[in-house]
Amino acid sequence: MSRVLPWTSDDGPAIDVEELAVVADGPVFGPIDLTVDAGGTAVVVGPAGSGKTALLLTLTGRMRATGGSGTVIGADVRREHARMRSGTSLAWVDGITDLDKDYTVEQHVAERLIGLQPWYRPVIGRDRVRQSLDVAELGEALPARAFVSDLTQLQKFELELLLAWLDGSAVIAVDNIDFLRESEDRERAWRLLRDVQESAADARPDRPLSLIVTCEDDSGLPVEGDDGVVRVRLDGGHRPAEVPETGPRGGRH
């Protein structure tokens, strides 16, 4: 179910970039320096239009940097975009990871699991879906047969995080966690992210899960330096970057 990546924590930091920037008829973000150890978390903070989503997409190989150098999970950040994409997953990115409101929770999970199988295995058993709904405390509170349109915002967040987790990536990038408007929902979301990291470390000690999380308001999030958390603060007033085209729904974004 998970992908086999050539990168492990013995190869160095999960993210290690210098002077990284995107310019498109004006600055989108950067230049920035960022180092995140394997199993660490980058919290990208800034107002709307400051380039948070563009940075997230650049660090996961979905957008091309126009300046800077470095690596993400051992892949060259300027040249090896496909390799970066193969080892990273997205969640909660508006316009890219949107859920289908006419699908149920278990249909979304089944579709993702089928996408991770060889082409000659186009079906998945319900038992496998049920097992996947009990991963790392994700899915336990999700009603398997409920349609997305009936889920709360927090439940939608949990489902998107579960789908990203199922990919078996070394990095999961979560955009705009403060789209969850209630403070208790944001606190729950952050606990879920920590739970996922801990489960990943237990399952694969040589490749602990790293996170990239963006937000406008970082109150309530761990302080800088706490358990490998590093902050990136972006200024406002940058030109928004165009969102790249999405891949097939249900596949890796």
Side-chain angles (χ1 to χ4, degrees), residues 1-18 20 32-45 55-62 70-77 80-93 97 112-113 116 131-140 157-158 160-175 177 187-215 218 221-232 252-253:
M1 182 167 62
S2 63
R3 286 169 272 179
V4 178
L5 302 175
W7 177 87
T8 70
S9 56
D10 291 337
D11 297 321
I15 301 170
D16 190 16
V17 296
E18 295 181 354
L20 190 69
I32 68 162
D33 299 338
L34 177 63
T35 300
V36 180
D37 292 333
T41 300
V43 178
V44 182
V45 186
L55 174 57
L56 177 151
L57 294 174
T58 302
L59 291 172
T60 58
R62 277 80 173 175
T71 60
V72 176
I73 56 171
D76 188 292
V77 74
E80 297 181 291
H81 304 101
R83 185 178 168 194
M84 291 166 64
R85 290 193 299 271
S86 73
T88 61
S89 294
L90 303 178
W92 208 239
V93 184
T97 65
R112 179 57 56 91
L113 292 174
L116 294 169
Q131 291 173 0
S132 298
L133 280 167
D134 192 26
V135 171
E137 298 189 20
L138 286 168
E140 290 183 352
F157 176 89
E158 292 188 41
E160 289 203 25
L161 183 57
L162 172 61
L163 297 176
W165 160 259
L166 291 175
D167 282 349
S169 300
V171 175
I172 293 178
V174 180
D175 200 23
I177 197 170
E187 292 171 3
R188 168 64 177 162
W190 188 253
R191 288 197 299 271
L192 285 171
L193 291 170
R194 285 299 183 88
D195 289 343
V196 165
Q197 279 187 309
E198 291 174 2
S199 295
D202 291 339
R204 185 73 188 265
D206 64 331
R207 201 185 73 209
L209 176 66
S210 302
L211 298 172
I212 308 167
V213 184
T214 77
C215 60
D218 60 349
L221 298 182
V223 298
E224 189 168 353
D226 177 26
D227 295 334
V229 175
V230 296
R231 289 286 204 286
V232 179
R252 299 185 191 109
H253 298 281

Does the Thr88 side chain pair with the main chain of Ile172, one donor and one acceptor, at a distance under 3.5 Å?
-> no

Where the side chain of Gln197 meets the backbone of Gly39, is there a donor-acceptor pair that is under 3.5 Å apart?
-> yes

Can you name the nearest heavy-atom pair linking [X] to [Y], along with the distance?
X	Y	value
Ala91	Ala164	CB-CB, 4.1 Å
Gly87	Ser169	O-CB, 3.4 Å
Arg85	Gly61	NH1-O, 3.0 Å
Gly12	Trp7	O-CZ2, 3.5 Å
Ile73	Arg83	O-NH2, 3.9 Å
Ala189	Phe157	CB-CE2, 3.5 Å

Which value, rounded to the nearest 0.5 Å, describes the distance between [X] atom [atom1] and [Y] atom [atom2]?
X	Y	atom1	atom2	result
Leu90	Leu161	CG	CG	12.0 Å
Ser132	Leu162	OG	CG	7.0 Å
His81	Leu57	NE2	CG	12.0 Å
Arg112	Leu166	CZ	CG	7.5 Å
Arg231	Cys215	CZ	SG	7.0 Å

Matching residue for Ile15 among Thr35, Val230, Leu20, Val72 - test: side chain to side chain contact (heavy atoms under 4.5 Å, CB included) | Val72

Find out whether [X] and [Y] are in side-chain contact, i.e. whether some heavy atom of one side chain is under 4.5 Å from a heavy atom of the other.
X	Y	result
Leu34	Leu59	yes
Val93	Arg62	no
Arg191	Arg194	no
Thr41	Trp190	yes

Taking only residues two or more places apart in sequence, or in another chain, which ones meet Asp206 in a side chain to side chain donor-acceptor pair (under 3.5 Å)?
-> Arg204

Who pairs with Thr214 by side chain to side chain contact (heavy atoms under 4.5 Å, CB included), at least two apart in sequence or on another chain?
-> Val44, Lys52, Leu56, Asp175, Asn176

Are Leu193 and Ile177 close enough, and set up right, to give a side-chain contact (heavy atoms from CB on, under 4.5 Å), and what steps lead you there?
-> CA-CA 11 Å; Leu193 291 170; Ile177 197 170; 3.9 Å; yes

